[in-house]
Amino acid sequence: MVRMDEGKTNFKVFFSLPGEPAARRITFLVLLTCAAIAAGAAALILTWMVSGDLEAATVAAAVVLALILAGLAGMSLRGKGRVALVLLCGLLFLLVAADLYAYGLHSSMASAFLIPIVLAARGFGLRAGIGAAAACSLFSWLLAAGANAPWLAAPYPADISHLTFDAPALTVVFLICAVIAGYGADGRRRGADSEITGKEGT
């Protein structure tokens, strides 16, 4: 009969990752996010295939994205999880920003800014999460202001509600999510540090 603690040990060994506990958490975060994004992209392609809206360019973009995600996952497994996480956050920011430039803040993709914000907060803590939220908010404000001014040739009609409603609302949501995710990550990190200190003291 297999004891429960032995089963847990085998489970941990099977999914063991390189590095210290903090580095392993970041590596797992990168791997989980890359897998989730790849699965989400596959689901969208299948949906558009069924609806008849799938285009060859979309498939090509999905293949390139999958290769990039695979590269970031491999980088994290080679002990460069922090670098991979920074690159992943930057990649997601650029993808969302490009989509919003093409379709405006009314696009549902505006909510996808939450992904790099939560990633930064969970991986690096509250300050990083707030910094990511500030960057995403700043882009939203600049896009909204530029679309209603002559200095940005947006490919969609100007809408003052982007500046008076969408940008402020998104800013509030971004900061709230950053605080929640970042505080949880910082609390877990403090708990882990206290546990290590307690073990060293004994």
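Along the sequence shown, the residues carry numbers beginning at 1.
Within 6.0 Å of OH on Tyr101 lie more than 12 heavy atoms contributed by other residues, nucleotides or ligands.
No donor-acceptor distance shorter than 3.5 angstrom exists from the side chain of Thr33 to the backbone of Val30, with no hydrogens or angles considered. Using a distance-only test at 3.5 Å, with no hydrogens or angles considered, no donor-acceptor pair links the side chain of Ser107 to the main chain of Gly104. Checking side-chain atoms of Thr58 against main-chain N and O of Leu54 turns up no donor-acceptor pair under 3.5 Å. In this structure a side-chain-to-backbone donor-acceptor pair under 3.5 Å is present from Asn148 to Ala144.
The shortest heavy-atom contact between Ala38 and Leu69 is N-CD1, 4.0 Å. The shortest heavy-atom contact between Ala120 and Ala132 is CB-CB, 3.9 Å. Between Ala181 and Ala121, the closest heavy-atom pair is CB-CB, 3.7 Å. Closest non-hydrogen pair, Pro116 versus Ala112, comes out as CD-O, 3.3 Å. Residues Ala110 and Phe174 approach most closely at O-CZ, 3.8 Å, considering heavy atoms.
Residues Val96 and Phe139 are not in side-chain contact: their nearest non-hydrogen atoms beyond the backbone lie 4.5 Å or more apart. For the pair Ser140/Leu105, a side-chain contact is recorded, criterion being any heavy-atom separation below 4.5 Å from C-beta on. Arg82 places a side-chain heavy atom less than 4.5 Å from the side chain of Phe124. The shortest distance between side-chain heavy atoms of Leu88 and Leu92 falls below 4.5 Å. Two residues are said to be in side-chain contact when any heavy atoms from C-beta on lie closer than 4.5 Å; Pro168 and Trp141 meet this criterion. Proximity of Leu143 to His162: side-chain heavy atoms (C-beta onward) are nowhere separated by under 4.5 Å. Side-chain contact between Ser161 and Asp166 is present, with heavy atoms from C-beta onward closer than 4.5 Å.
Taking CG from Asp99 and OG from Ser108, the interatomic distance works out to 7.5 Å, rounded to the nearest 0.5 Å. Atom CG of Leu95 and atom CZ of Phe113 lie 10.0 Å apart (nearest 0.5 Å). Here CZ of Phe93 is found 13.5 Å from CD1 of Ile115. Values are rounded to the nearest 0.5 Å. Rounding to the nearest 0.5 Å places CG of Leu85 at 9.5 Å from OG1 of Thr27. Once rounded to the nearest 0.5 Å, the distance linking CG of Leu46 with OG of Ser51 reads 9.5 Å. Rounded to the nearest 0.5 angstrom, Ile160 CD1 and Leu163 CG are separated by 5.0 Å.
Clustering ILVMFWY residues whenever any of their side-chain heavy atoms sit less than 4.5 angstrom apart, transitively, puts Val172 in the very cluster that holds Ile180. Linking ILVMFWY residues whenever their side-chain heavy atoms come closer than 4.5 Å, directly or via other members, places Leu87 and Leu91 in the same cluster. One hydrophobic cluster, built from ILVMFWY side chains closer than 4.5 Å, cannot hold both Val118 and Val173; they sit in different ones. In the hydrophobic clustering of this structure, Leu119 groups with Val83; members are Ile, Leu, Val, Met, Phe, Trp, Tyr whose side-chain heavy atoms approach within less than 4.5 Å, directly or through other members. In the hydrophobic cluster analysis, where Ile, Leu, Val, Met, Phe, Trp and Tyr join through side-chain heavy atoms closer than 4.5 angstrom, Tyr103 is grouped apart from Leu114.
Just one of Leu72, Leu77, Ile26 meets the side-chain contact (heavy atoms from CB on, under 4.5 Å) condition when paired with Leu31; it is Leu77.
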